[in-house]
Amino acid sequence: MNRNNTLICAILLAFSLGYIFRTPTYIPPQEQPKLRFNALTHKHPTDASSSDNIVFFHMHLVKTAGSTLNRYMARKYYGVCGHKGYSSDQPLHIGDKPREGKDGEIWGPDLVDFGDMDDRGWHNCKLISHESWAELSVSIIKYMQELGFSMHALIPCRDPVSHTISKCSHLERDLASWSKHNNDSELCHLINTQCDLEENRFNESIIAVANSSTFYWYKNFTEIDEEIVRDHMPLRPFVLPEHTGKYKTNEPYPNEVVREVVQRCGTQIHEYKMKDPYYKMCAQSVPLVDQVPDV
């Protein structure tokens, strides 16, 4: 072999080795393709048989820890669709941080622009937790059923007295002033009529149209996760840490204000609100609903 051939062979060998062991090119996150995650066909990593046609519909009712549940599920699973937590069809490089889209919308495990969630659609959702009125909830459930999925409704339940007081706080009603300037009858009437915040989110037709349903005490959503949801959801390889930021929320009333309101109006609020079909249906499955809380 002459010198020229040896040189050529050396060059080819060096090129080949460089090709085989080359360092991968880094692509900045914003230039990476937006990888999609199909939650509806994904099998649970611990149970290969858990890929099924069940889709959960969480009835996101006011002041029943709905936002907390939504964020909790989106940080633990893929396939969550909701205004307060999103992980379905999510660009994988987002990780724990929300991003701002070209039109200013926010996408991330803790918050999605309300209108954008509707526009995004529900076809790739495994758990839907959307702040929607009853008619829209029914239409979403029927849409998913038409696609061949079995819809399981999750309904949070709360006793009407603490629930009503919490809604009064959300609406910034001055219960201390009401208590000071009104007799018992007037105070109870104000609370029963001036703290309504349901926005027509609950309707018995939602229960009727769903294939199955579970009523649960609103604080026990982690138990619902472990007992019902977990085996049907695609678990994230690495569960995101719990949200530590503080969302804007009204401060709860001082204990002495709540204590006085419950002592003066607890029974009246309970009797008035228990006429609502929501509390009636909840009380059949969750006994705590049909009780006046101790203060």
Side-chain angles (χ1 to χ4, degrees), residues 52-70 72-73 82 126-142 144-145 149-170 188 191-193 195-233 258 261-262 265-295:
D52 51 43
N53 72 333
I54 293 178
V55 172
F56 296 99
F57 186 90
H58 168 242
M59 200 175 295
H60 195 140
L61 304 176
V62 174
K63 310 310 293 182
T64 58
S67 298
T68 302
L69 177 143
N70 194 174
Y72 169 87
M73 294 295 183
K126 189 66 171 168
L127 186 151
I128 300 170
S129 177
H130 197 42
E131 296 178 276
S132 57
W133 57 94
E135 292 79 5
L136 177 58
S137 296
V138 170
S139 66
I140 293 172
I141 290 173
K142 288 183 176 180
M144 296 299 288
Q145 288 171 329
F149 298 104
S150 178
M151 299 300 294
H152 185 95
L154 300 173
I155 304 96
C157 296
R158 186 172 182 177
D159 72 273
V161 177
S162 70
H163 197 189
T164 300
I165 293 174
S166 181
K167 288 188 281 187
C168 286
S169 174
H170 185 82
C188 300
I191 294 172
N192 280 329
T193 59
C195 295
D196 190 12
L197 194 60
E198 279 310 309
E199 300 178 346
N200 192 30
R201 293 188 187 181
F202 178 86
N203 191 291
E204 295 169 276
S205 60
I206 298 175
I207 311 302
V209 74
N211 300 91
S212 55
S213 58
T214 297
F215 291 80
Y216 67 95
W217 184 244
Y218 75 107
K219 290 184 178 180
N220 295 347
F221 59 84
T222 55
E223 286 85 348
I224 290 297
D225 172 28
E226 294 298 322
E227 296 173 8
I228 298 176
V229 174
R230 182 183 183 277
D231 289 339
H232 303 280
M233 292 291 294
V258 174
V261 167
V262 174
C265 293
T267 300
Q268 292 89 331
I269 295 172
H270 180 81
E271 291 177 352
Y272 181 84
K273 294 295 184 180
M274 282 302 296
K275 300 173 184 178
D276 189 309
Y278 164 67
Y279 295 111
K280 284 184 178 180
M281 295 187 73
C282 276
Q284 295 175 10
S285 301
V286 185
L288 284 174
V289 172
D290 199 15
Q291 298 179 16
V292 177
D294 294 328
V295 293

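Excluded from the calculations below are hydrogen atoms, water molecules and symmetry mates; all remaining heavy atoms, backbone and side chain alike, are included. Everything numeric here is computed off the predicted structure, so don't read it as measured data.
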Exercise for the section: Calculate, to the nearest 0.5 Å, the distance between atoms CD1 and OG1 belonging to Ile228 and Thr214 respectively. Expected result: 3.5 Å
Practice task
Apply side chain to side chain contact (heavy atoms under 4.5 Å, CB included) to the pair Leu69 and Ile224, showing each step before the final yes or no.
Solution key: CA-CA 10 Å; Leu69 177 143; Ile224 290 297; 5.9 Å; no
Practice task
Fit a plane to each ring of His58 and Tyr216, take the angle between them on a 0 to 90° scale, and name the class: parallel (under 30°), tilted (30 to 60°) or perpendicular (over 60°).
Solution key: tilted
Exercise for the section: Using a 4.5 Å cut-off on heavy atoms from C-beta on, say whether the side chain of Ile165 contacts that of Val261. Expected result: yes
Exercise for the section: For Glu135 and Asn200, test the side chains for any donor-to-acceptor distance below 3.5 angstrom and give the result as yes or no. Expected result: yes
Practice task
Enter the distance from Ser129:OG to Met59:CE here, rounded to the nearest 0.5 Å.
Solution key: 11.0 Å
Problem - For the student: nearest non-hydrogen atoms of Ala134 and Asn203, plus distance - result: CB-CB, 3.5 Å
Completion exercise
One should read off an interatomic distance between Lys63 NZ and Lys167 NZ, to the nearest 0.5 angstrom, of 11.0 Å
Problem - Minimal non-hydrogen separation, Val262 against Pro293, with atom names - result: CG1-O, 3.8 Å
Practice task
Taking atom types as modelled, find out whether His60 and Ser132 have a side-chain donor-acceptor pair closer than 3.5 angstrom.
Solution key: no
Handout entry: Side-chain H-bond candidate by donor/acceptor type, His130 with Asn70, under 3.5 Å
Key = no
Completion exercise
In this structure, NZ of Lys126 is separated from CE of Met73 (nearest 0.5 Å) by 13.0 Å
Problem - Sub-4.5 Å side-chain heavy-atom contact between Asp159 and Leu288 - result: no
Practice task
Scan side-chain atoms only and decide if His163 and Tyr279 contain a donor-acceptor pair under the 3.5 Å cut-off.
Solution key: yes
Handout entry: Heavy-atom closest contact (Val289 atom, Cys157 atom, distance)
Key = CG2-CB, 3.7 Å
Fill in the blank from the handout: Tightest non-hydrogen contact, residues Ile206 and Ser137, listed as CD1-CB, 3.8 Å
Exercise for the section: Working to the nearest 0.5 Å, report the span between CG of Leu61 and CZ of Arg201. Expected result: 7.5 Å
Exercise for the section: Report yes if the side chains of Ile128 and Ile141 come closer than 4.5 Å at any heavy-atom pair, otherwise no. Expected result: no
Exercise for the section: Taking all non-hydrogen atoms of both residues into account, name the closest pair between Thr64 and Tyr218 and its distance. Expected result: O-CB, 3.6 Å
Handout entry: Distance, nearest 0.5 Å, that separates CD1 of Ile191 from OG1 of Thr164
Key = 8.5 Å
Handout entry: From Phe56, Phe57, Phe215, residue fulfilling ring pair (Phe, Tyr, Trp, His ring centres under 6.0 Å) relative to His152
Key = Phe56
Exercise for the section: In sequence, state the C-alpha distance, the side-chain angles, and the governing distance for Asp290 and His270, and then conclude on side chain to side chain contact (heavy atoms under 4.5 Å, CB included). Expected result: CA-CA 8 Å; Asp290 199 15; His270 180 81; 3.0 Å; yes
Exercise for the section: Would you mind reporting whether Met281 and Ile155 have side-chain heavy atoms less than 4.5 Å apart? Expected result: no
Problem - Gln268 and Asn192: side chain donor to acceptor below 3.5 Å - result: no
